[in-house]
Asker: 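My questions all concern the structure below.
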Number of protein chains: 2
Amino acid sequence: MRSVSGVVIELSAVIVALSDDAPTILLVPSEDVGAQGLPFGPFDPVGDRTLEEGLRRGVVQQAGLTLGYAEQLYTFGDRFRDPQERSGGPRPVSVGYLALARQGDDAPSPRESWTDWYRFLPWEDWRGGTPGLIDSVIVPRLEAWCAAATSKAEQQRRRDRTHLTFALGDATWDNERVLERYELLYEAQLVAESARDQGKPLLGVATGTPLAKDHRRILATAMGRLRAKIKYRPVIFELMPPAFTLLQLQRAAEALAGGRLHKQNFRRLVAHEGLVEPTGQISVQTGGRPAELFRFRRGVVLERPAPGVRLPVKRGGKSS
Amino acid sequence: MRSVSGVVIELSAVIVALSDDAPTILLVPSEDVGAQGLPFGPFDPVGDRTLEEGLRRGVVQQAGLTLGYAEQLYTFGDRFRDPQERSGGPRPVSVGYLALARQGDDAPSPRESWTDWYRFLPWEDWRGGTPGLIDSVIVPRLEAWCAAATSKAEQQRRRDRTHLTFALGDATWDNERVLERYELLYEAQLVAESARDQGKPLLGVATGTPLAKDHRRILATAMGRLRAKIKYRPVIFELMPPAFTLLQLQRAAEALAGGRLHKQNFRRLVAHEGLVEPTGQISVQTGGRPAELFRFRRGVVLERPAPGVRLPVKRGGKSS
DNA sequence: GCTTAATATACTCAAAATTAGCATAAGTTC
DNA sequence: GAACTTATGCTAATTTTGAGTATATTAAGC
């Protein structure tokens, strides 16, 4: 095996916390003009025993934050994922991580900011119904992109992909296909990064706020993974305070999943799975009848094969 | 950001194919004495546009095989994952991939061999009931390992982990926790790699056949991922011939999942989900009533949100 | 040609889970 | 006290699952 030089391994993190009903991510200033980026740092093959250890060290250094839960997401190595590579920089390969933090665990220093993750992927938030952006901008421009294909076969492939990921026709919206949607918008030149990465000017309106390098792609990967994971592992409790009401838990699940849930069924499922146990205390800040406070029941992980919050999606209905 | 040298990126692949009722993986000779290894090659930051492209190029070079389906699994970077690192080698970071091939698509050259993957993780195959190895070797030695913990708290943690992953007590066997089981056995010194990686002699019997470096860990990751994936993506058809009987499909699912399925319910689920369509032809090589031949129905991916083979596990029952 | 064995496939029936509510309880605001 | 919130209990219709039984169609042995 010949040794290859000119590679640099970066470790980047999507650090998620919940602030009221918004899932937020930690961002830092970036070298890219006019864009923020994810916190990241170099992997040190001499000092770091594992990749994850390097990530934790780097995040402490860059953001002054000590991480709790962290899991590896994906390794991003496409050429020119960092536009700087064009001007002769080394080939950066980035190992992306998803990390969860409780809001207020550490106060971020002024250089960092927690930002609603739907600012970058606004089409992913269906809590208030279909996002207007989809009907007004995304669908028309995707249709144009489909029609612009050179061959009939390619046209059909584009249509299938568009319908599948954006739930046109009779397909249903799959909240886990976050990355597929971002990649489609990237190919169809609907996000600012497509033009930027090719060094071309942007045509038309871009959707969502761009991030540095390929960080929006990493965010999309993280969102998809987290949405999948809350269904079979109790990771949502890493984001909750030690005690919470069932409605708070529901709002958290809705914030991550990007859709509304059926309240009575949600509480039935949560209770039935034994995910939580009552603390005996009562919350009075509800604005209505006081609610019982619950805590995560650690024992579930030993009882159920795949403990997570089930998501009884609400379709037509009126009750809240 | 300071540039760090002394890192080498490797791309390794778990290439799975089905041979009769055995899932097999492609292995190549390894520098490690007495062990085979996964095919791998270096990532070339100059020539390879993407990591996956590098993988495909490397696999063609090393194994003469052209890959169909491939997905990234995980990036392995623990120190001393390659024992050679101790003697001053560079720090190897390996991006692991899962790839699927149809048996017979390419004839392997004599240096490679397709080998039953349960040879390396024999405790994962429950098709013939609980593997004898678990009761005879694994459970007794894991119990000794639990008892050997220094503190009561650590003892309890080890017991919980053992019960959860190996389904002792009232826990149920979760066929996706392949990696967790391997890592437990590694920590408990039940696999040859634990001693080898510490440069110590092996105490007692080792379970399963070892592989080079951390390749058994990569295999465990691949097996867990594939077992999860067949349930929500139609990847199993990448391993099947173009036309097959429902029993052949069931045997394939059982081989991957490592357990028996309920025949009547399996066919009901497969038919109900619209995963397959009849070809109109009949297979005569059944040894009984001839079976209808089916093919994968590509349309499903556009209709169902998560099309995959459901696995109606068989518990007590007698009917085959 | 008949029995036995294998496999394929159709159909059933009870239990469990899900969906989509209604109804009532217990507070706050004006 | 009326109107409005939110919490929580309960239910009826439907769908899905689990675990079969029953029957069909072939091959092999005698």
Side-chain angles (χ1 to χ4, degrees), chain A residues 20-21 172 231-232 243-254 259-294 304-320, chain B residues 21 172 231-232 243-254 257 259-294 304-320:
Chain A
D20 290 318
D21 290 349
T172 55
K231 291 175 195 152
Y232 62 91
F244 45 83
T245 68
L246 291 183
L247 186 59
Q248 282 172 342
L249 185 64
Q250 182 184 338
R251 293 289 178 241
E254 290 176 334
R260 289 275 166 227
L261 303 177
H262 185 284
K263 186 168 178 172
Q264 295 94 323
N265 289 342
F266 177 80
R267 59 173 43 235
R268 180 172 49 78
L269 286 173
V270 164
H272 186 263
E273 306 243 321
L275 272 175
V276 297
E277 60 192 1
T279 61
Q281 290 175 300
I282 300 280
S283 163
V284 201
Q285 307 120 311
T286 55
R289 171 173 169 177
E292 201 170 357
L293 281 167
F294 292 83
R304 304 218 138 229
V309 293
R310 317 289 300 283
L311 304 178
V313 282
K314 208 165 81 181
R315 295 193 230 280
K318 35 199 164 130
S319 86
S320 178
Chain B
D21 290 348
T172 56
K231 291 174 195 153
Y232 62 92
F244 45 83
T245 69
L246 291 183
L247 186 59
Q248 282 171 342
L249 184 64
Q250 181 183 339
R251 292 288 177 243
E254 290 175 334
R260 288 277 166 226
L261 303 178
H262 187 285
K263 185 170 179 171
Q264 296 92 324
N265 290 342
F266 178 81
R267 59 173 42 237
R268 181 180 55 186
L269 288 174
V270 165
H272 184 265
E273 309 242 322
L275 273 173
V276 297
E277 60 192 1
T279 62
Q281 290 174 301
I282 300 279
S283 162
V284 202
Q285 307 120 311
T286 56
R289 172 173 167 178
E292 203 169 355
L293 281 167
F294 292 82
R304 305 219 138 226
V309 294
R310 318 289 300 284
L311 304 178
V313 282
K314 208 165 79 182
R315 294 192 226 283
K318 29 192 169 134
S319 86
S320 178

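Computed from a predicted structure; not experimentally measured. Residue numbers begin at 1 in each chain, while the letters A, B, ... track the order of the sequences.
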Asker: Can you check the A:Ile282 CD1 to C:dA25 C1' distance for me, whole Å?
Answerer: 13 Å
Asker: Whole angstroms only, please: what is the CD-C1' distance between A:Glu292 and D:dA7?
Answerer: 10 Å
Asker: Please report, rounded to the nearest Å, how far the P atom of D:dT5 is from the NZ atom of A:Lys263.
Answerer: 12 Å
Asker: Using modelled atom types and a 3.5 Å cut-off, is there a donor and acceptor pairing between side-chain atoms of B:Glu254 and backbone atoms of B:Leu261?
Answerer: yes
Asker: Any idea which of D:dA7, C:dG21, C:dA8 is nearest the A:His262 side chain?
Answerer: C:dG21
Asker: How many whole angstroms separate atom CZ of A:Arg310 from atom C1' of C:dA16?
Answerer: 12 Å
Asker: If I take atom CZ in residue A:Phe266 and atom P in nucleotide C:dA20, what distance separates them, rounded to the nearest angstrom?
Answerer: 17 Å
Asker: Find which nucleotide of DNA chain C each of B:Asn265 and B:Gln248 is nearest to by heavy atoms, and output the residue with the more 5' nucleotide.
Answerer: B:Gln248
Asker: Which pair of non-hydrogen atoms, one from B:Gln250 and one from B:His262, has the smallest distance, and what is that distance?
Answerer: NE2-C, 4.4 Å
Asker: Which whole-number value in Å describes the distance from B:Leu269 CG to D:dT16 P?
Answerer: 10 Å
Asker: Counting C-beta onward and ignoring hydrogens, is there a side-chain heavy-atom pair between A:Ile282 and A:Leu293 closer than 4.5 Å?
Answerer: no
Asker: If you check the A:Gln264 side chain, which of C:dA17, C:dG21, D:dG20 turns out closest?
Answerer: C:dG21
Asker: Separation of B:Leu246 atom CG from C:dT9 atom P, in whole Å?
Answerer: 6 Å
Asker: Measure from CZ on B:Arg289 to C1' on D:dT25 and round the result to the nearest Å.
Answerer: 5 Å
Asker: Quick check: closest heavy atoms across A:Phe294 and A:Thr279, and the distance to 0.1 Å?
Answerer: C-CG2, 3.7 Å
Asker: Of the options D:dT26, C:dA8, D:dT16, whose atoms approach the side-chain atoms of B:Pro290 most closely?
Answerer: D:dT26
Asker: Kindly point out which of C:dA8, D:dT8, D:dA19 is positioned nearest to the side chain of B:Arg267?
Answerer: C:dA8
